[in-house]
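Structure first, then comments.
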Number of protein chains: 2
Amino acid sequence: MQPITIADVAAATGVSRTTVSHVFSGHRPVRQETRELVLRVAREMGYRPSAVAKSLRARRTNTVMIVIPDIMNPFYPGFARGVQDVVSQQGYHALLCNTDAVEASERGYIEDALARRVDGVVFVGFRVPISDLDILTEVGTAVVAVGPAPEETMVDTVWLDDVAFSREATAYLLRKGLGPVAHITGPTDTAVEVKREIGFRQAHADAGLEVHEDLIVSEEFTHQGGIEGMTALLAGPTRPRSVFCANDLIALGAMRVAHEHGLRVPEDIAFVGVDDIDMAAIANPSLTTVRLRIHELGTICGRRLLERLNGDWTGNGRSMALDAELVVRESA
Amino acid sequence: MQPITIADVAAATGVSRTTVSHVFSGHRPVRQETRELVLRVAREMGYRPSAVAKSLRARRTNTVMIVIPDIMNPFYPGFARGVQDVVSQQGYHALLCNTDAVEASERGYIEDALARRVDGVVFVGFRVPISDLDILTEVGTAVVAVGPAPEETMVDTVWLDDVAFSREATAYLLRKGLGPVAHITGPTDTAVEVKREIGFRQAHADAGLEVHEDLIVSEEFTHQGGIEGMTALLAGPTRPRSVFCANDLIALGAMRVAHEHGLRVPEDIAFVGVDDIDMAAIANPSLTTVRLRIHELGTICGRRLLERLNGDWTGNGRSMALDAELVVRESA
DNA sequence: ATGAAAGCGCTAACAA
DNA sequence: TTGTTAGCGCTTTCAT
């Protein structure tokens with residue numbers, strides 16, 4: 001029940017704790033026989049160095065915290081895995097935290113990160129401004145956030161240019177000249193939603209076309225949201241010929257409603273989503289969508305974090321935009 | 001850069017470290033004025049109690065480790081979230097570890113759990129037998145595993161009765177009397193696969209029917225696996241009229257191939273999957289599948305773990321089977 | 001109501 | 001090549 005300590009091993013072998021320590025760390029040479037003795041006895045006794053004690057001493061926990069809204073949202077598993085694939089290679093473990101995009105929760109995890117002395121934090125926040133993460137960098141914690149960078153900070157940021165790819169996707173639909181393009185957005189209080197709508201409008205402006213205001217509806221970022229959005233759209237006065245949906249779940253839901261109304265996709269109505277979740281390729285018809293390269297977003301965050309952790313970068317926060325690619329499939 | 005310690009706060013307020021400690025822990029009364037002074041100064045100085053030091057002293061890390069094959073597999077986000085929803089309520093944080101079902105990786109995380117002195121482990125292993133987790137319980141770590149329980153252990157186990165629901169799902173297909181039922185399984189070296197195939201065979205035996213051996217194919221647990229499995233099936237001599245797929249991803253892939261071959265679902269060929277991932281309901285046609293209640297599996301594991309952590313249960317490992325339910329949709 | 005001091009398990013000067 | 005010793009930051013007896 002009581003874990004074996006380095007002192008137990010030292011006593012059992014007749015060497016000092018220092019020597020046992022160095023046998024395990026390799027930080028200084030130990031005579032061959034001594035090392036083998038220590039190793040053998042340690043194994044027999046079931047000794048495992050305590051990472052807790054090591055952390056206290058070394059002021060390093062070899063732990064990073066990944067803060068996201070919800071691992072059940074299909075967007076995040078790939079992201080989390082991307083971060084982990086990178087940082088685990090250097091021996092870091094990851095605390096995964098779900099905030100549900102609740103402000104108090106986001107703030108709570110910042111406090112936890114501080115209290116637990118994690119070495120780094122990858123933060124995907126919806127309610128807390130990135131500048132509020134400075135409290136972490138001030139005590140030397142490496143921080144990478146997903147989102148737009150504030151003026152002055154030590155937080156590295158990586159972000160997806162929502163405006164750019166939404167504009168591009170909408171332009172693609174507009175170029176087809178099918179007629180009115182609708183937009184089913186997410187909740188209007190999210191930064192992401194706002195930007196996707198801006199891109200939608202810019203594409204219209206670029207093409208010298210008017211936005212059909214009655215064809216913009218706001219829903220949850222879910223399959224159900226898509227169902228409700230599309231139902232509302234079809235009940236309206238203007239019949240859209242294509243729909244730019246703020247994410248794939250919405251698009252899938254919307255497409256299903258269109259199908260139930262006897263509309264053919266893409267002949268009668270075309271759909272474009274955002275995310276390229278697995279479902280997009282599997283759906284029937286398969287969904288044309290903006291591929292966000294989420295796993296790569298994660299690996300980039302992980303790499304940035306490691307650069308900080310290894311001291312390869314100690315300057316101000318760097319900002320980087322990851323571009324997205326329109327994947328044309330059957331739905332548009 | 002240097003975190004403030006309890007000694008700094010003590011010095012700044014003129015009280016002892018003991019008193020500062022008690023102000024934060026509440027483990028003994030502190031004079032009102034003293035408390036307020038300490039609290040105020042601590043806040044001003046930005047003091048945060050070190051969870052690391054506390055852990056060393058208390059021999060408790062308030063951390064649990066969740067070991068799963070891969071968070072990108074749609075099965076696991078719900079599970080992980082279920083565990084976390086429960087344990088986070090009592091202040092535990094979770095280290096999320098992906099093994100990719102690689103034995104060395106599974107073993108490595110057991111070692112890590114030991115070294116990091118985590119208080120509990122929730123383990124979903126594919127290669128390591130549950131009895132190998134005893135090494136954790138021996139040092140007092142609470143352990144809950146997903147899988148069948150070995151005879152004698154302190155590990156609590158929760159499992160899905162793969163044989164039972166596979167049998168039930170196959171029986172459902174058999175009862176329809178459509179003709180030969182095929183089975184696309186997972187890799188034959190996984191325990192889960194074996195059990196699903198056993199259920200498949202039992203259902204045939206129950207109905208007094210012969211299994212078509214040439215209609216059993218083994219593939220990866222992926223959409224691509226389903227595509228390859230179905231392609232192989234359609235190239236074979238016996239034409240199946242329905243397929244029991246070892247998971248939804250496989251079923252979705254298989255269904256797609258059937259569709260591409262001009263077969264109507266479910267008229268020409270019916271499909272049943274396992275898992276009830278989001279995609280199953282969204283797919284077109286929607287997929288009849290066995291709902292595994294993964295999030296609930298996670299919460300049950302979390303609760304079992306808490307019972308151990310709180311000392312509410314100190315006896316031998318308990319075993320519990322979670323039943324599954326056939327969700328009939330359009331595909332069968 | 002408050003403090004002194006020991007110690008949780010480990011590492012790394014500094015010594016030998 | 002090996003050992004002595006002083007902490008890392010906290011909690012908790014035992015005193016006062």
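- For the pair B:Glu103 and B:Arg107, the salt-bridge criterion is met [side-chain N within less than 4.0 Å of a carboxylate O].
- B:Pro3 comes within 4.0 angstrom of nothing in the nucleic acid, heavy atoms only.
- Using a 4.0 Å cut-off, no side-chain N or O of A:Arg17 falls inside it from OP1 or OP2 of C:dG9.
- For B:Arg57 against D:dT12, a side-chain-to-base donor-acceptor contact under 3.5 Å is absent.
- Residue A:Ser55 is classed as having no contact, given no heavy-atom separation below 4.0 Å to the nucleic acid.
- Taking the centre of each ring, A:Phe221 and A:Phe75 stay at or above the 6.0 Å mark.
- Between B:Arg117 and B:Arg31, the one whose closest nucleotide on DNA chain C sits nearer the 5' end is B:Arg31.
- Following rounding to the nearest Å, B:Leu37 (CG) and C:dA1 (P) show an atom-to-atom distance of 16 Å.
- The side chain of B:Ser21 places no N or O atom within less than 4.0 Å of a non-bridging phosphate oxygen (OP1 or OP2) of D:dC10.
- Along DNA chain C, the nucleotide nearest B:Val15 and the nucleotide nearest A:Ile4 are compared for position; the residue whose nucleotide lies closer to the 5' end is B:Val15.
- At whole-Å resolution of the value, CD in B:Glu36 and P in C:dA1 are 14 Å apart.
- Within the structure, every side-chain polar atom (N or O) of A:Ser16 is placed at least 4.0 Å from both OP1 and OP2 of D:dT2.
- As rounded to whole Å, 4 Å separates atom P of C:dC10 from atom OH of A:Tyr47.
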Report task. Quick one: do B:Asp112 and B:Met65 satisfy side chain to side chain contact (heavy atoms under 4.5 Å, CB included)? Show the steps, please. Result -> CA-CA 9 Å; B:Asp112 286 342; B:Met65 181 178 269; 4.0 Å; yes
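- In the interface, the side chain of A:Thr18 is paired with the base of D:dT4 through a donor and an acceptor atom under 3.5 Å apart.
- Put simply, CZ on B:Arg35 is 12 Å from C1' on C:dA1, counting in whole angstrom units.
- Between B:Thr34 and the phosphate of C:dT2, there is a side-chain N or O to OP1/OP2 separation shorter than 4.0 Å.
- The side chain of A:Thr19 approaches D:dT2 more closely than any other nucleotide in the set D:dC10, C:dT11, D:dT2.
- Paired with A:Asp156 under the rule salt bridge (charged side-chain N to carboxylate O under 4.0 Å, His left out), one option of A:Arg304, A:Arg303, A:Arg318 passes, and it is A:Arg318.
- Following rounding to the nearest Å, B:Arg59 (CZ) and C:dC10 (P) show an atom-to-atom distance of 11 Å.
- Contact annotation for A:Val30: backbone-only contact, meaning every heavy-atom pair under 4.0 Å involves sugar-phosphate atoms and none involves a base.
- Summarising the geometry, the separation between NE2 on A:His22 and P on D:dG3 is reported as 12 Å, rounded to the nearest angstrom.
- For C:dT2, its base sits under 3.5 Å from the side chain of B:Arg28 at one donor and acceptor pair at least.
- Between the NE2 atom of B:His27 and the C1' atom of C:dT2 there is a distance of 17 Å, given to the nearest Å.
- Residue A:Phe24 is classed as having no contact, given no heavy-atom separation below 4.0 Å to the nucleic acid.
- Without hydrogens or angle criteria, B:Asp85 side chain to B:Gly82 main chain gives no donor-acceptor distance under 3.5 Å.
- Counting heavy atoms from C-beta on, the side chains of A:Leu306 and A:Tyr92 come closer than 4.5 Å.
- To the nearest angstrom, C1' of C:dA12 lies 17 Å from CZ of A:Arg60.
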